[in-house]
Enquirer: 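Here you go, one structure.
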Amino acid sequence: MAVSANRIHLTGLARKLVADGVLEEPIAVQAFQTALSTKTSFVKYLVDQKLADSKTVAQAASQEFGVSLTDIESLEIDPDVVKLVSEELITRHHALPIYRRGNRVFIAVSDPTNLQALDEIKFHLGANTEAVLVEENKLKVAIEKCLAAADSGLGALEDSDFDSLDGLEIGQPVEAAPESAEVDDAPVVRFVNKVLLDAIKRGASDLHFEPYEKIYRVRFRVDGMLAEIAKPPLALAGKIAARIKVMSRLDVSERRVPQDGRIKLKLSKTKSIDFRVSTCPTLYGEKCVMRILNSDAASLNIDQLGYEDAQKELFLKNLQKPYGMFLVTGPTGSGKTVSLYTGINILNQEDINISTAEDPVEINLPGVNQVQVDERTGMTFPKALKAFLRQDPDIILVGEIRDFETASIAVKAAQTGHMVMSTLHTNDGPQTLTRLQDMGIPAFAVATTINIITGQRLARRLHPDYRIPLDLPPEALLGEGYTQEEVDTGFRLYGPGSSSDCPTGYKGRVGVYQVMPITDVMRRLIIEGANAVQLADQSRAEGIWDIRKSALQKARRGVTSLAEINRVTVE
């Protein structure tokens with residue numbers, strides 16, 4: 001392609017795409033100009049912007065330049081050849097070394113005119129290079145997989161490395177462990193560090209290091225689903241556990257009881273990510289689980305959390321009350337902390353004194369006095385709450401109500417003119433009301449102090465570009481919980497579609513909520529000793545959606561699938 005002072009003269013691939021009717025000429029000109037100005041491959045720009053189908057562009061390039069089109073998914077990519085070229089070079093040129101024949105290295109590219117990539121890789125390797133034309137979207141996936149495999153650190157763990165590892169062995173003096181485990185170039189150290197970085201890149205929320213009788217595996221939880229990402233040799237189980245314990249400042253010599261710790265991983269001078277670490281002795285060694293505490297990734301915008309309009313209105317209305325309890329419930333990992341901090345972020349004003357007691361502090365928020373609960377030092381939830389009440393508080397946030405003492409102090413604070421926000425591990429709003437009474441809180445105190453309860457789950461979002469329509473009979477929809485009126489209006493449910501860009505068909509998660517205010521009728525039922533079922537019936541009679549109903553509406557709008565809401569809710 002040649003650029004003149006006045007206009008772009010389309011040649012080569014761009015001209016063929018216009019001639020074939022794939023692109024209109026103005027769009028082709030604009031795409032070429034933008035790709036040129038941003039130093040992006042023309043092919044990559046077309047596919048990324050969805051201006052043309054990846055396969056169509058690849059076939060056109062094959063015909064225009066007389067190069068055979070190869071399916072990269074059918075090739076066996078040599079990881080040793082991939083490692084010959086730096087990640088920076090592969091990413092910058094969007095070119096992947098895939099195999100070697102003699103003194104010739106074959107490079108997968110989606111744009112055969114990308115001669116700069118071939119020349120720079122040739123100079124870097126000191127070997128001849130030859131382009132292999134592949135589809136852009138498949139090349140993108142292959143690059144991500146190869147770089148992810150390299151980042152996992154498994155490639156660095158050769159058999160010859162195992163003999164030289166200086167990790168802690170059973171019976172070795174504990175004094176030797178920190179020194180040996182801190183060797184920067186030890187394979188286990190590199191492996192653990194790269195697994196942590198890989199988890200951050202993939203957006204994982206939890207990491208599991210699990211020893212079994214014959215295997216050792218590492219799993220990530222991404223969008224709520226666990227998936228295996230590595231299988232290190234079983235011989236490394238003790239060394240990996242020792243390394244993790246050293247990083248989180250735990251007792252390396254103690255393998256018989258669970259321990260809790262924390263790791264701060266510095267990614268740059270200005271950015272760091274915390275990991276909450278828990279170890280637990282199992283039959284075949286210590287299992288280590290890490291929770292990633294990335295406050296930068298948490299969205300504190302209520303419009304992005306997934307509340308329905310009526311639920312959002314109830315949330316904000318009760319948030320402004322000067323006293324009482326604002327409770328958020330749900331299982332571990334359901335987004336309770338983000339919901340609480342969304343409210344705290346709204347209330348965080350100069351004229352309001354906010355104090356929080358958490359274990360651990362997951363989200364850092366300037367202007368809020370945050371206290372880290374630590375049982376080992378004696379800083380417990382009750383002790384923190386008692387201290388807060390002597391410091392002129394307006395709003396108190398308790399990370400979790402776990403026992404009678406914490407619940408009792410929180411209720412008394414709510415009764416004496418303070419707003420108390422907290423979480424409980426219960427399934428929904430009605431069960432929360434009876435759970436507090438089971439802890440020993442009098443029914444009258446429960447009825448008069450609680451303003452609102454939000455129950456929640458997290459469901460995976462359908463990728464909007466790959467979702468596929470489903471045809472379900474009316475009987476099936478009624479069986480799932482839709483009303484006859486909803487079925488009669490007609491709507492289409494969607495399921496996940498598989499693609500190389502998004503293998504699961506899901507991307508990200510959305511909250512599913514029950515936002516239940518405590519009305520006067522509810523208060524009377526609580527005082528009269530109503531059970532959770534009776535309270536749930538009254539809530540429905542007042543028009544409050546339970547979590548299942550809310551989830552069904554998410555599926556009805558195509559936000560998530562019926563299979564996903566069945567996974568996170570019950571009928």
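Only a predicted model underlies this, so the values are computations on that prediction, with no experimental measurement involved.
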Enquirer: Step by step, work out the side-chain contact (heavy atoms from CB on, under 4.5 Å) result for Leu327 and Ile452.
Expert: CA-CA 6 Å; Leu327 300 178; Ile452 191 169; over 6 Å; no
Enquirer: Between Glu564 and Lys554, is the closest basic N to carboxylate O distance under 4.0 Å?
Expert: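 Answer for the salt bridge query: no.
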Enquirer: Regarding Lys140 and Asn137, do their side chains bring together a donor and an acceptor under 3.5 Å, going by distance alone?
Expert: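 No, Asn137 and Lys140 have no side-chain donor paired with an acceptor closer than 3.5 Å.
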Enquirer: State, to 0.1 Å, how close Phe42 and Asp111 come at their nearest heavy-atom pair, and which atoms those are.
Expert: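 Looking at all heavy atoms of both residues, the shortest contact is N-OD2, 4.1 Å.
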Enquirer: Give the intermediate values and the outcome of side-chain contact (heavy atoms from CB on, under 4.5 Å) for residues Met516 and Ile518.
Expert: CA-CA 6 Å; Met516 188 183 82; Ile518 308 303; 3.8 Å; yes
Enquirer: In Å, rounded to the nearest 0.5 Å, how long is the span from CZ of Arg276 to CD of Glu362?
Expert: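 So the gap between those two atoms works out to 5.5 Å.
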Enquirer: Please determine whether side-chain contact (heavy atoms from CB on, under 4.5 Å) holds for the pair Ile453 and Leu433, giving the CA-CA distance in whole Å, both sets of side-chain angles, and the decisive distance to 0.1 Å.
Expert: CA-CA 9 Å; Ile453 302 173; Leu433 296 169; 3.7 Å; yes
Enquirer: Do you know which two heavy atoms are closest between Ile401 and Ser422, and how far apart they sit?
Expert: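 The answer is CG1-OG, 3.2 Å.
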Enquirer: Quick one: do Asp309 and Lys312 make a salt bridge, cutoff under 4.0 Å?
Expert: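 Not counted as a salt bridge, because no side-chain N and carboxylate O are separated by less than 4.0 Å.
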Enquirer: Backbone N or O of Tyr513 within a donor-acceptor pair of the Gln311 side chain at under 3.5 Å?
Expert: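 The answer is yes, because a donor-acceptor pair under 3.5 Å joins these two groups.
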Enquirer: May I ask you to check whether Thr489 and Glu485 show a side-chain donor-acceptor distance below 3.5 Å?
Expert: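 No, Glu485 and Thr489 have no side-chain donor paired with an acceptor closer than 3.5 Å.
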Enquirer: Minimum heavy-atom separation for Leu293 and Ile273, please, with both atom names.
Expert: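 Looking at all heavy atoms of both residues, the closest pair is O-CG2, 4.2 Å.
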Enquirer: Apply the test ring-ring contact (aromatic ring centres under 6.0 Å, His included) to residues Phe326 and Phe315: give CA-CA distance (whole Å), side-chain angles for both, the deciding distance (0.1 Å), then the verdict.
Expert: CA-CA 9 Å; Phe326 189 113; Phe315 184 102; 5.1 Å; yes
Enquirer: Find the distance between CD (Gln456) and CG (Asn427) and round it off to the nearest 0.5 Å.
Expert: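 Between atom CD of Gln456 and atom CG of Asn427 there are 13.0 Å.
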Enquirer: Please name the pair of heavy atoms, one in Ala199 and one in Ile292, separated by the smallest distance, quoted to 0.1 Å.
Expert: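 So the two residues come closest at CB-CD1, 3.9 Å.
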Enquirer: Assess whether a salt bridge exists between Asp198 and Lys201, defined as any Lys/Arg side-chain N lying under 4.0 Å from an Asp/Glu carboxylate O.
Expert: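 Result for this pair is no, no salt bridge flagged.
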Enquirer: Distance only, no hydrogens: is a donor on one side chain within 3.5 Å (strictly under) of an acceptor on the other, for Glu542 and Gln538?
Expert: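 Per modelled atom types, Glu542 and Gln538 side chains form a pair under 3.5 Å.
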Enquirer: Are the side chain of Ser539 and the backbone of Leu535 linked by a donor-acceptor contact shorter than 3.5 Å?
Expert: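 Absent.
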Enquirer: Between Ser62 (side chain) and Ala58 (backbone), is there a donor-acceptor pair under 3.5 Å?
Expert: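 Such a contact is absent between Ser62 side chain and Ala58 backbone.
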Enquirer: Looking at Glu136, is its backbone amide N or carbonyl O close enough to the side chain of Ser54 to form a donor-acceptor pair, meaning the two atoms are under 3.5 Å apart?
Expert: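 Such a contact is found between Ser54 side chain and Glu136 backbone.
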Enquirer: When the ring centroid of Phe32 is compared with that of Tyr45, is the distance short of 6.0 Å?
Expert: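 Not close enough - the centres of the two rings lie 6.0 Å or further apart.
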Enquirer: Would you please say whether a donor-acceptor pair under 3.5 Å links the side chains of His425 and Thr332?
Expert: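 Per modelled atom types, His425 and Thr332 side chains form a pair under 3.5 Å.
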Enquirer: Can you see whether Arg461 engages Tyr506 through a side-chain donor-acceptor pair at a distance of less than 3.5 angstrom?
Expert: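 Their side chains do not contain a donor-acceptor pair, so the 3.5 Å distance test is not met.
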Enquirer: Which pair of heavy atoms, one from Ile565 and one from Ala555, lies closest together, and at what distance?
Expert: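 Here Ile565 and Ala555 meet closest at CD1-CB, 4.2 Å.
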Enquirer: Tell me whether Arg92 is salt-bridged to Glu120, with the criterion being a basic N under 4.0 Å from an acidic carboxylate O.
Expert: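 Counted as a salt bridge, because a side-chain N and a carboxylate O are separated by less than 4.0 Å.
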Enquirer: Can you name the nearest heavy-atom pair linking Val512 to Ala459, along with the distance?
Expert: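 Looks like CG2-CB, 4.1 Å.
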Enquirer: Flag the pair Tyr482 / Phe491 as yes when their ring centroid distance falls below 6.0 Å, and as no otherwise.
Expert: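 Ring centroids of Tyr482 and Phe491 are less than 6.0 Å from each other.
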Enquirer: Is the closest side-chain donor-acceptor distance between Glu358 and Tyr341 under 3.5 Å?
Expert: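 Side-chain D/A pair, Glu358 to Tyr341: present.
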Enquirer: After noting the C-alpha distance and the side-chain angles of Leu477 and Leu493, does the key distance pass the side-chain contact (heavy atoms from CB on, under 4.5 Å) rule?
Expert: CA-CA 10 Å; Leu477 297 176; Leu493 295 179; 3.5 Å; yes
Enquirer: Provide the full list of salt bridge (charged side-chain N to carboxylate O under 4.0 Å, His left out) pairs with a residue in residues 218-227, sequence neighbours left out, each pair given once.
Expert: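 Counting only pairs at least two positions apart or across chains, the salt bridge (charged side-chain N to carboxylate O under 4.0 Å, His left out) contacts touching residues 218-227 are Glu210-Arg219.
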Enquirer: Dump the intermediate steps for salt bridge (charged side-chain N to carboxylate O under 4.0 Å, His left out) on Glu73 and Lys138, then the final yes or no.
Expert: CA-CA 7 Å; Glu73 293 178 340; Lys138 293 183 178 180; 3.7 Å; yes
Enquirer: Answer yes when Glu308 and Arg557 have at least one side-chain N-carboxylate O distance shorter than 4.0 Å, and no when they do not.
Expert: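 Yes.
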Enquirer: Can you confirm whether the side chains of Arg548 and Thr569 place a donor and an acceptor under 3.5 Å from each other?
Expert: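 Short answer, yes.
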